[in-house]
Student: 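Once you've had a glance at the structure underneath, I'll fire off some questions.
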Amino acid sequence: MQNKWWRESVFYEIYMPSFKDGNGDGIGDFKGIASKLDYLKDLGIKGIWLTPFYPSPKVDNGYDISDYYNIDKDYGTLEEFKEFLNKAHNLGIKVIIDIVLNHTSSEHPWFKESKSSIGSERRDFYIWKNSIPNNWESFFGGEAWEYDENTKEYYYHAFAKEQVDLNWSNPKVYEAMKDVLKYWIDFGIDGFRFDVINFLTVQDDLNVDNPFDESGEQVHKYDKNQDGVLDIIKRLVKDIRDIKEDIFLVGEVGSEDFNELKPYCGENLLDVVFNFNLGSIDEFSIEKIYKEILCMNEEYDEKQIPTIFFNSHDMGRSITRFNPKGNCNGIEKAIAALLLTTKGVPFMYFGEEIGMQDLVCYDIDKMNDIQGITKYKLEIAKGKSEYEALKLSNKSSRDKSRSPMQWNNDINYGFSEAKPWINIEDKKDKTTVEKATKDNKSLLNLYKELIKIRCNTTALLYGDYEDLILENDVLSFRRKYNDIVVDVVINFSNEDYTQKIDKIELLNTSESNTLKPYDFSIYINKL
Ligand code: GLC
């Protein structure tokens, strides 16, 4: 097994506006993140994933890029990014950046030129049709085709109408994006997270309607995973690796279905894709988690490494999803153990390590996320009451997990000063980094210990599973690498579980052989 730096790392997603404000304007920035690198080093993570930081009108919080070569003024300057990057590298932390190849902002000069006239040189950078060729719906809801008054044609947008899909059947788009990637590799970054990479529109003939499922929801059959997309990805991967061999390439293939995910990762392809099978679990179910872990293990070949995550900026926080009433019962500790002992590349989301909770929005005017806002409008149009529409839009809205990192009690609760939100948690008992640092038994300190154990134990980084078993809601498995074995037991049941112990303990949340609900133990042994 070839050693790779990213297989030995725990990654930490930083949602740019919410991690740390360094200049007092209420919005996170590079200065702020740089000031917290020591905290991240101490936590033990070795890789940071930054959400988009490029200039953007932020219709979709930066996933609508208007300049691929610069930094949004909210987040700082190229020099500040460089300073942050150098500091991270000096601390042994690598940085992967989010890149959106599928679409640009409608404010991008390419699109402005494209829509200026039918004969414009960049007309074919985007997908224009003189009539709507299909029934495709945008992923945020509503039609995926938008009429342009000026040139009297329709353009395609898989997401918001301000996120215009590029035409990947045009070789000039490939060349333009290759230049962008080269620029950031030369800048010194260590990897890319390719946004919605399986959505690239590579087919010109779009005269095919998507089907609907029994509940009337559109099935996105023809607007993603099109024939030809894999060829483009393979070419991109090769071109990138020719510039920098050990770069880490992560694909966001928005799916939980292994058949859809598998073709995108492995030899000569992306290193990993995000496995949404764990992240998208709404209600906790150890049976479901177990089934997914088994599946990842069986379906992937030995060059295909799973990713493990329960949280990101696109979903509600798992601590809230798994404890809807907000009274934490310890499950978050068991989840941390699972994240950091199973096979794959673990990705954490900022705030997960202190148990930050979701927010609820009580006023539609204060909602920020395009997905939630669109949902609200669609529900009102269907005749739902404002209250019902707000409730449903809260479900869709991703703002809930995007509130500022709770460093200490001084931090404002809301998403930003202008957009106050309400936290489910009792304000007085708010978890903060300051509090968690002082408490030996805090989730934060548990994460630190678990990350250290993972990174220092080859069997946890590279070992295969043996005896992956779920019995009476107690999950147990062995990870084996050469002659070292690590045994993990996590008690997800409501009852005590007593185990036989004859090995060397790495970490045990119980002081005896008996694991109470959500306790776990990790043992190491030499065969
Ligand atoms: C990805 C991002 C998400 C964004 C979408 C469109 O799924 O994670 O936040 O809205 O792409 O770019």
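Along the sequence shown, the residues carry numbers beginning at 1. In each ligand, atom 1 is the first atom listed, and ligand 1 is the first ligand listed.
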Student: Quick test: of every protein heavy atom, which one is nearest to atom 11 (O) of ligand 1, and how far off is it to 0.1 Å?
Tutor: D195 OD1, 2.8 Å
Student: At less than 4.0 angstrom from any non-hydrogen atom of F140, what atoms of ligand 1 do you find?
Tutor: 10 (O)
Student: Please list, in number order, the atoms of ligand 1 under 4.0 Å from a heavy atom of H103.
Tutor: 6 (C), 12 (O)
Student: So which bit of Q371 gets within less than 4.0 Å of ligand 1, heavy atoms only: side chain, backbone, both or neither?
Tutor: neither
Student: For ligand 1, which atoms have a heavy atom of H313 less than 4.0 angstrom away?
Tutor: 2 (C), 3 (C), 8 (O), 9 (O)
Student: For the residue pair W136 and D209, confirm or rule out a side-chain donor-acceptor distance under 3.5 Å.
Tutor: no
Student: Would you kindly say whether D64 and Q163 are connected by a side-chain donor-acceptor distance under 3.5 Å?
Tutor: no
Student: Number the atoms of ligand 1 from 1 as they appear, then name those within less than 4.0 Å of a heavy atom of E252, with their elements.
Tutor: 1 (C), 7 (O), 8 (O), 11 (O)
Student: Tell me whether R317 forms a cation-pi arrangement with F350, defined as NZ or CZ under 6.0 Å from the six-membered ring centre and within 45 degrees of its axis.
Tutor: yes
Student: Could you list the atoms of ligand 1 found under 4.0 angstrom from a heavy atom of R398?
Tutor: 3 (C), 4 (C), 9 (O), 10 (O)
Student: With heavy atoms of F159 as the reference, note each atom of ligand 1 found under 4.0 Å away.
Tutor: 6 (C)
Student: Quick test of your reading of the structure: of D314, N102, V196, whose heavy atom lies closest to atom 3 (C) of ligand 1?
Tutor: D314
Student: How does R193 reach ligand 1, if at all, at less than 4.0 Å between non-hydrogen atoms: by side chain, backbone, both, or neither?
Tutor: side chain
Student: In ligand 1, which numbered atoms sit nearer than 4.0 Å to a non-hydrogen atom of D60?
Tutor: 4 (C), 5 (C), 6 (C), 10 (O), 12 (O)
Student: As an exercise, state the distance from CD of E217 to OG of S215, rounded to the nearest 0.5 Å.
Tutor: 5.0 Å
Student: Determine whether the side chains of D72 and S56 contain a donor N or O and an acceptor N or O closer than 3.5 Å.
Tutor: no
Student: For the pair H313 and Y15, name the ring-plane relationship: parallel under 30°, tilted 30 to 60°, perpendicular over 60°.
Tutor: parallel
Student: How about N297 and K343: does a side-chain donor come under 3.5 Å of a side-chain acceptor?
Tutor: yes
